[in-house]
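A quick write-up on the structure given underneath.
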Amino acid sequence: MPPSPALLHAAVFALTVLQALASDTFIAAVYEHAVILPDATDEPVSPDDALALMNKNMDVLEEAIKEAAKQGAHIIVTPEDGVYGWRFTREAIYPYLEDIPDPAVNWIPCTDPTRFAPAPVQERLSCMARNNSIYVVANIGDKKLCNSSDPSCPSDGRYQYNTDVVFDPEGKLVARYHK
């Protein structure tokens, strides 16, 4: 039986990350934690409340990233939904999403946070990578506006993606994968 498309995409994504390392050997860390979840609700919370929850989870991730770097890891992969959890309707997740640009834009959110729309999660993850000289792979949410001329555009005028991002040891966004 051939591998599933999701498995193939994950393999290509992993190979891209490994290729970016461009060295003969590397040390990888994979981290899992008990995600701090939001209260179950169908209604969106305020952007400030969403960021407060995400910052609690990123506080945990930051300690893991520091420890991995201290132990010589070159890359750390953090858990899926590790920044905000998974208890959401389409509407309720919206305050947790950021617009993630194409990595071709050559952006380091840590040093240039105002270049694009506010992206405090990307800025913080970028700084974690930069401050610890480590590749950071994280799973966050992306939002892209669309219009009615696009027959696939949802009725609320936006695409929403479960997205893996990779920041290099300088904090540069080097990969984005819409899952």
Side-chain angles (χ1 to χ4, degrees), residues 6-36 47 50-86 93 95-144 160-179:
L7 181 58
L8 288 174
H9 288 294
V12 168
F13 185 75
L15 288 173
T16 301
V17 170
L18 295 177
Q19 191 174 33
L21 290 171
S23 67
D24 293 336
T25 62
F26 65 93
I27 299 171
V30 177
Y31 178 72
E32 188 72 40
H33 75 276
V35 177
I36 301 165
L51 183 58
L53 175 89
M54 291 187 289
N55 275 324
K56 289 178 186 177
N57 282 305
M58 287 191 295
D59 289 345
V60 175
L61 293 176
E62 187 167 23
E63 290 307 311
I65 290 166
K66 285 179 185 176
E67 185 60 30
K70 203 181 306 181
Q71 291 185 33
H74 299 103
I75 184 170
I76 184 167
V77 179
T78 64
E80 180 164 1
D81 299 325
V83 173
Y84 50 74
W86 51 87
I93 199 167
Y96 296 84
L97 307 178
E98 293 183 355
D99 186 4
I100 304 168
D102 185 311
V105 299
N106 193 25
W107 181 44
I108 300 175
C110 186
T111 61
D112 191 8
T114 60
R115 182 172 172 197
F116 297 103
V121 173
Q122 292 171 82
E123 178 184 351
R124 187 159 178 202
L125 290 168
S126 169
C127 289
M128 287 181 210
R130 184 178 181 86
N131 294 341
N132 294 285
S133 299
I134 188 171
Y135 281 83
V136 173
V137 180
N139 179 249
I140 60 177
D142 190 7
K143 60 184 178 183
K144 299 291 181 221
Q160 296 179 178
Y161 301 98
N162 178 0
T163 305
D164 285 334
V165 292
V166 181
F167 295 95
D168 75 7
E170 295 299 316
K172 180 179 169 185
L173 177 67
V174 294
R176 174 191 71 186
Y177 172 66
H178 290 147
K179 296 174 75 178

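Nothing fancy with the numbering, it's 1 onward along the sequence. Just so you know, these numbers use all the heavy atoms, side chains as well, and skip hydrogens, waters and symmetry mates. Bear in mind the structure is a predicted one, so any value in this text is a computation, not a measurement.
Looking only at side-chain heavy atoms (C-beta outward), H33 and N57 come within less than 4.5 Å of each other. By the 4.5 Å heavy-atom criterion applied to side chains, M58 and M128 are counted as neighbours. The closest side-chain heavy-atom distance from Y96 to V83 is not below 4.5 Å.
Residues F26 and I75 come closest through the heavy atom pair CD1-CG2, 4.0 Å. Heavy atoms only, all atoms of each residue included: K144 and P101 are closest at NZ-N, 4.2 Å. Across every non-hydrogen atom of A29 and A68, the tightest pair is CB-CB, 3.8 Å. What you find for A138 and T78 is that their closest heavy atoms are CA-OG1, 3.2 Å. Nearest heavy-atom pair across P113 and W107 is O-CZ2, 4.5 Å. Considering every non-hydrogen atom in both P79 and Y31, the closest pair reads CD-O, 3.2 Å.
Of the options I100, V105, D99, a side-chain contact (heavy atoms from CB on, under 4.5 Å) to F116 is made by V105 and by none of the others.
To the nearest 0.5 Å, atom CD1 of residue I134 and atom CZ of residue F167 are 14.0 Å apart. Expressed to the nearest 0.5 Å, how far CD of E123 lies from CZ of R130 amounts to 12.0 Å. Note that the CG atom of L61 and the CG atom of N55 stand 11.0 Å from one another [nearest 0.5 Å]. Considering CG of N132 and CD of E67, their distance stands at 10.5 Å, rounded to 0.5 Å. The CG atom of L97 sits 10.0 Å away from atom CG of N162, with the distance rounded to the nearest 0.5 Å.
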- Task: Take E62 and N131 through the side-chain hydrogen bond (donor to acceptor under 3.5 Å, both in side chains) test and state the conclusion after the steps.
- Result: CA-CA 10 Å; E62 187 167 23; N131 294 341; 5.4 Å; no
- After noting the C-alpha distance and the side-chain angles of D112 and K172, does the key distance pass the salt bridge (Lys or Arg N to Asp or Glu O under 4.0 Å) rule? CA-CA 10 Å; D112 191 8; K172 180 179 169 185; over 6 Å; no
- Full working for side-chain contact (heavy atoms from CB on, under 4.5 Å) between S126 and L173: CA-CA 7 Å; S126 169; L173 177 67; over 6 Å; no
- Query: Can you list the steps and then say if Q122 with L125 is a side-chain contact (heavy atoms from CB on, under 4.5 Å)?
  - Reply: CA-CA 5 Å; Q122 292 171 82; L125 290 168; 5.8 Å; no
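Formation of a donor-acceptor pair under 3.5 Å by the N139 side chain with backbone atoms of T163 is found in this model. The backbone N or O of V121 sits less than 3.5 Å from a side-chain atom of E98, completing a donor-acceptor pair.
Between H178 and Y161, the ring-plane angle classifies as parallel under the 30° and 60° cut-offs.
Salt-bridge check for D164 with R176: failed, with every basic side-chain N at 4.0 Å or more from each acidic carboxylate O.
In K179, the NZ atom is crowded: over 12 heavy atoms of neighbouring residues, nucleotides or ligands sit closer than 6.0 Å.
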